[in-house]
Amino acid sequence: MKREFAPERLNVPGFAAAAATLEATDPVPDYERLAAELAVPAPDALVRWAAHGEERPGADGKATPWLHLEAEAVVPLVCQRCLSPVDSLLSVDRWFRFVADEATAEAQDEESEEDLLVVSRDFDLRALIEDELLMEIPVMPAHDVCPTPVQLSSSDEDFKAAEEAKPNPFAVLGALRSRKPEDEK
């Protein structure tokens with residue numbers, strides 16, 4: 001009999017013991033925090049992911065649950081040069097080792113190369129997928145070549161004309177300095 005696993009309530013120890021695999025293709029709007037980062041709504045954008053569980057011997061010789069996660073999505077982000085949407089590939093390929101509790105995770109985090117998570121019988125795999133994709137968002141998304149010319153000045157002609165039309169606040173001080181002392185009497 002084959003066990004069924006649900007990504008919203010994943011039994012991590014059982015998933016790893018069964019060396020099971022889950023994979024799916026979900027619409028990006030299903031991942032609310034990721035969708036909030038987009039330059040424009042992307043109802044047709046997809047998140048493709050696969051998760052594979054396995055057990056490996058731990059330091060104490062007992063079986064330790066591991067999860068290999070692969071996920072990718074192409075999403076429209078804001079180009080930091082031209083401020084128009086730029087399709088960006090977000091790609092995750094990461095191993096996670098599960099430990100008994102937060103204290104163990106914190107104690108072992110510095111020396112371990114893999115990411116550590118707390119083992120659970122109702123682990124939200126989709127939340128992990130979303131977290132990992134959010135961390136893959138580039139700091140400065142940009143086109144290789146922007147589709148529109150990029151204006152490289154800090155202001156335009158209308159701005160300059162408006163600034164020139166304003167009276168100079170220091171002109172009043174200059175007028176005071178140029179007065180002669182006998183004018184004050």
Side-chain angles (χ1 to χ4, degrees), residues 1-80 85-144:
M1 182 170 115
K2 184 176 178 185
R3 289 184 66 182
E4 295 290 321
F5 295 99
E8 299 81 17
R9 296 181 56 92
L10 185 64
N11 177 341
V12 173
F15 186 71
T21 298
L22 283 173
E23 56 187 12
T25 301
D26 301 324
V28 167
D30 287 359
Y31 297 86
E32 292 179 17
R33 293 177 296 144
L34 179 60
E37 297 294 322
L38 305 183
V40 294
D44 298 332
L46 300 171
V47 174
R48 289 177 180 80
W49 61 268
H52 177 74
E54 68 178 59
E55 286 185 330
R56 296 182 188 172
D60 59 2
K62 293 180 183 176
T64 302
W66 285 70
L67 178 101
H68 182 220
L69 176 65
E70 295 176 284
E72 72 175 32
V74 176
V75 295
L77 300 174
V78 177
C79 173
Q80 297 301 298
V86 55
D87 285 342
S88 301
L89 172 66
L90 309 179
S91 182
V92 175
D93 185 353
R94 195 162 287 126
W95 280 96
F96 299 92
R97 178 169 52 99
F98 287 85
V99 294
D101 52 42
E102 286 290 336
T104 305
E106 195 172 310
Q108 295 178 8
D109 188 42
E110 290 296 319
E111 69 231 20
S112 66
E113 291 182 22
E114 69 278 357
D115 290 320
L116 302 176
L117 298 172
V118 176
V119 73
S120 170
R121 294 193 185 281
D122 63 346
F123 184 77
D124 189 348
L125 181 58
R126 284 199 167 95
L128 176 64
I129 293 165
E130 185 172 33
D131 289 344
E132 294 302 313
L133 289 171
L134 285 167
M135 287 191 290
E136 292 301 315
I137 292 176
V139 175
M140 300 246 334
H143 293 100
D144 290 334

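The backbone N or O of Leu116 lies less than 3.5 Å from no partner atom in the side chain of Gln108, so there is not a single donor-acceptor pair. Remark: side-chain polar atoms of Glu37 are not paired, donor with acceptor, to backbone N or O of Leu77 under 3.5 angstrom. Between the side chain of Thr104 and the backbone N or O of Ala100, no donor-acceptor pair lies under 3.5 Å.
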Stepwise, does the side chain to side chain contact (heavy atoms under 4.5 Å, CB included) test hold for Phe98 with Phe123?
-> CA-CA 11 Å; Phe98 287 85; Phe123 184 77; 4.1 Å; yes
Taking it one step at a time, do Met135 and Leu90 satisfy side chain to side chain contact (heavy atoms under 4.5 Å, CB included)?
-> CA-CA 9 Å; Met135 287 191 290; Leu90 309 179; over 6 Å; no
Start with the C-alpha distance between Leu22 and Leu10, add both sets of side-chain angles, then the distance that settles side chain to side chain contact (heavy atoms under 4.5 Å, CB included), and finish with yes or no.
-> CA-CA 10 Å; Leu22 283 173; Leu10 185 64; 4.0 Å; yes
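A side chain to side chain contact (heavy atoms under 4.5 Å, CB included) with Val86 holds for exactly one of Pro76, Cys79, Pro138; it is Cys79.
Counting heavy atoms from C-beta on, the side chains of Leu133 and Ile129 come closer than 4.5 Å. Side-chain atoms of Thr64 and Val119, non-hydrogen and from C-beta on, never get closer than 4.5 Å to each other. For the pair Gln80/Val78, a side-chain contact is recorded, criterion being any heavy-atom separation below 4.5 Å from C-beta on. Between Asp131 and Arg33 the shortest side-chain heavy-atom distance falls below 4.5 Å. Counting heavy atoms from C-beta on, the side chains of Leu117 and Leu128 come closer than 4.5 Å.
Distance check, rounded to the nearest 0.5 Å: OG of Ser120 to CZ of Arg9 gives 8.5 Å. With values rounded to the nearest 0.5 angstrom, Arg97 atom CZ is found 10.0 Å from Arg56 atom CZ. Taken to the nearest 0.5 Å, the OG1 atom of Thr21 stands 5.0 Å off from the NE2 atom of His52. Here the CZ atom belonging to Phe15 is positioned 6.0 Å from the CG atom belonging to Leu67, to the nearest 0.5 angstrom.
Here the shortest heavy-atom pairing between Ala42 and Val28 reads O-CB, 4.4 Å. Of all heavy-atom pairs spanning Ala35 and Pro29, the tightest one is CB-CA, 4.2 Å. Shortest non-hydrogen contact noted between Glu55 and Pro13 is OE2-O, 4.4 Å. Scanning both residues, Glu130 and Leu34, for their nearest heavy atoms gives OE2-N, 3.0 Å. Residues Ala71 and Trp49 approach most closely at CB-CB, 3.8 Å, considering heavy atoms. Residues Asp26 and Asp30 come closest through the heavy atom pair CB-OD2, 4.5 Å.
When the shell of 6.0 Å around CD of Glu113 is examined, it contains 12 or fewer heavy atoms from other residues, nucleotides or ligands. Remark: Glu102 CD is loosely packed, at most 12 non-hydrogen atoms of other residues, nucleotides or ligands lying under 6.0 Å away.
Under the 30°/60° scheme for interplanar angles, the aromatic rings of Trp95 and Trp66 are found to stand perpendicular.
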